[in-house]
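Take a look at the structure set out below.
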Amino acid sequence: MLRKLFRSVREFKKPTILTLIFIVGEAIIETLIPFITADLVNKIKVGEPLRVVIITGVSLAAMACVSLVFGGVAGVCCARASAGFAKNLRHDLYDKIGAFSFENVDKFSTSSLVTRMTTDVQNVQMSYMMIIRTAIRSPLMLIFSVVMSFVMGGPLAMTFVIVIPVLAFGLFTIGRKAMPAFRRVFRKYDRLNESIEENVRGMRVVKGFSREEHEKEKFGAAADNIRADFTHAERIVAWNRPVMQVCMYFNMIFVLLVGSRMAIDGLWGVDVGQISAMLTYGMQVLMSLMMLSMIYVILTISTESMKRICEVLDEVPTLTAPEAPVTVVKNGDIDFNGVSFKYSAAAKRNSLSDVELHIRSGMTVGIIGGTGSGKTSLVQLIPRLYDVSEGSVCVGGIDVRRYDVQVLRDAVAMVLQKNLLFSGTIKENLRWGNPAATDEEMIAACRLAQAHDFVTSFPDGYDTYIEQGGTNVSGGQKQRLCIARALLKKPKILILDDSTSAVDTKTDALIRAGFGDFIPETTKIIIAQRVASVEGADLILVMENGAVAAAGTHSELLESCPIYCEIYRQQTKGGEGDE
């Protein structure tokens, strides 16, 4: 796990190594300073000449300055290394998620992936910073200080034989008790983020049903749950300070009482300087143990984050590229050969079952059916957003699994019912379909999509800024802009997944009428709830329970398909035909 994460250090190895070097230098100097201080105190006590005292004092000041410089440089290098590591780790996660299929994304959920790229990466960054700085400095300071204590204080250093085990046991017990609460928090963060995402996206629905108070209560309960776990953990961790203070004051009292007695009696060469050094070394030892306990807590918290990040990095995309991919889509022919499909291996039933379908390039195909009949599942297999469970889907006479994925998806344009516009101008959004599109091409596509008139009615026209999610345009306007964006792609296959549901029937008819002139050789697949949107199609598919229940032209289906005939009567005569 650590090896996998450390791959993200890359170009930040140099500041990492420099941090370690300067930290070692700082630790050595800091443990020498009390030794020099003790020597200075003893020289003053015995009345050494002022010149000797000044030289010792200047040496002490110089060492303090060097230690300060080493610590400052180590801090700068550490910040650069940890921030760079986090940047690379986020980049690696983002690249990995970008290669995921819809099936992979469904496995983790969007909110969980967001948490892993933000909170979890931040925890790992903090952990990395602690490892390369504090986790190196504290053990070194602990070892050096204990060694120097025995060198300077002799029997006085025996205080650490009592203090270190007691403090170590206390601090690590506290950390161990707090860990379960910290671990629970991460799973609850996923649910909290999911609640936030759901509420922000569905704000209009929440307000439309006056459910603000209910959603506030639900969010408050989730937030309070996290607060309770954090409070419980922090209440346990708060015992660090009292345990630390008990050990620190015990050490001070022991050194002062025993050390003073030994200095008065002249035992073991203990003098005032040694007593002051022992107090300083005692503080360094205790602070080092305190920092090690904090590192233990942070590393334990980060371990959970590391596991969650590695789960994403280890995830194998379910859509794999062939060894020798086909790089040209010949035409818009589409063939479904005995296709069955389910969204995950654990699913109990198929979304599509034994679909046999053959569409010639340039045809207009309408798909109609009830909710859950498999309409969207069918068209998502064409650009290989999912792979079939059984059978094969061919485009241009070649199995979609043999294509380079980018080449295949460049040849297929999908316009969904819930379309997304990105923050930026209308021009920038349209050029998602074709980055090199000229203004004339964008205007032509917008005219065909019946978007030109409302775009030119904006004060800034095609330079109008679209807010995040397209909140400053209506649903129908958003759909027409998305259709124009797809048309600019000039695809071999155009899929409209109920993408004119928010426009009136006249506009819908005008959009469909323009397809024949603008993209005559493109295969058009139109999923719709309205019969009027598909009745002029060359072929109409009636979907039911994941299968093609009937196929034919409008007139053929009226004569042979009761389902289609019922839908037509209800939409054109309000159900009066039942009489």
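Between Lys4 and Asp314 a salt bridge is recorded (basic side-chain N to carboxylate O distance below 4.0 Å). For the pair Asp508 and Arg530, the salt-bridge criterion is met [side-chain N within less than 4.0 Å of a carboxylate O]. The existence of a salt bridge linking Asp439 and Arg431 is confirmed by a sub-4.0 Å separation between a basic side-chain nitrogen and an acidic carboxylate oxygen. Using a 4.0 Å cut-off between charged nitrogen and carboxylate oxygen, Asp224 and Arg227 count as a salt-bridge pair. For the pair Lys96 and Asp92, the salt-bridge criterion is not met [side-chain N within less than 4.0 Å of a carboxylate O]. Contact check on Lys87 versus Glu11 returns a salt bridge, with a Lys/Arg side-chain nitrogen under 4.0 Å from an Asp/Glu carboxylate oxygen. Ion pair Glu521/Lys492 not flagged as a salt bridge, since none of the NZ, NE, NH1 or NH2 atoms sits closer than 4.0 Å to an Asp/Glu carboxylate oxygen.
Within a 6.0 Å radius of CD in Glu311, other residues, nucleotides and ligands contribute more than 12 heavy atoms. Heavy-atom contacts from other residues, nucleotides or ligands closer than 6.0 Å to CE of Met363 number more than 12. Residue-environment remark: CD (Glu356) exceeds the threshold of 12 foreign heavy atoms within 6.0 Å. Atom NE2 of His91 is surrounded by 12 or fewer heavy atoms from other residues, nucleotides or ligands within 6.0 Å. More than 12 heavy atoms of other residues, nucleotides or ligands sit less than 6.0 Å from atom CZ of Arg10.
Under the 4.5 Å side-chain criterion, counting only non-hydrogen atoms from C-beta, Thr364 is not in contact with Leu539. At a threshold of 4.5 Å between non-hydrogen side-chain atoms, the residues Tyr128 and Asn123 do not count as touching. Residues Ile398 and Tyr403 meet the side-chain proximity criterion, which asks for heavy atoms closer than 4.5 Å. Residues Lys490 and Thr522 have side chains not in contact (no heavy-atom distance under 4.5 Å, counting atoms from C-beta outward). Under the 4.5 Å side-chain criterion, counting only non-hydrogen atoms from C-beta, Val121 is in contact with Leu93.
Using a 3.5 Å distance cut-off with no hydrogens or angles, the side chains of Asn104 and Glu315 do pair a donor with an acceptor. A side-chain donor-acceptor contact under 3.5 Å links Asp497 and Thr376.
Between the CD1 atom in Ile368 and the CD1 atom in Ile563 there is a gap of 11.0 Å [rounded to 0.5 Å].
The aromatic ring centroids of Tyr564 and His554 lie less than 6.0 Å from each other.
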Show your working on salt bridge (charged side-chain N to carboxylate O under 4.0 Å, His left out) between Glu428 and Arg485 and close with a plain yes or no. CA-CA 10 Å; Glu428 290 170 346; Arg485 180 173 65 187; over 6 Å; no

Run the side chain to side chain donor-acceptor pair (under 3.5 Å) test on Asn337 and Ser392 for me, step by step, so that the C-alpha distance in whole Å, both residues' side-chain angles and the decisive distance to 0.1 Å come before the verdict. CA-CA 5 Å; Asn337 302 310; Ser392 65; 3.3 Å; yes

Run the numbers on Phe12 and Phe85 for ring-ring contact (aromatic ring centres under 6.0 Å, His included), then give the verdict. CA-CA 7 Å; Phe12 296 97; Phe85 166 67; 9.3 Å; no

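Put simply, the side chain of Asn225 never gets that close to the backbone of Gly220: no donor and acceptor are under 3.5 Å apart.
Checked against Asp120 for a salt bridge (Lys or Arg N to Asp or Glu O under 4.0 Å), the options Lys307, Arg90, Arg308 give a single hit: Arg308.
Minimum interatomic distance between Gly514 and Leu448 (heavy atoms only, all atoms of both residues): CA-CD1, 2.9 Å.
Ring geometry, Phe422 versus Trp432: the interplanar angle falls under 30°, so the pair is classed parallel (tilted spans 30 to 60°).
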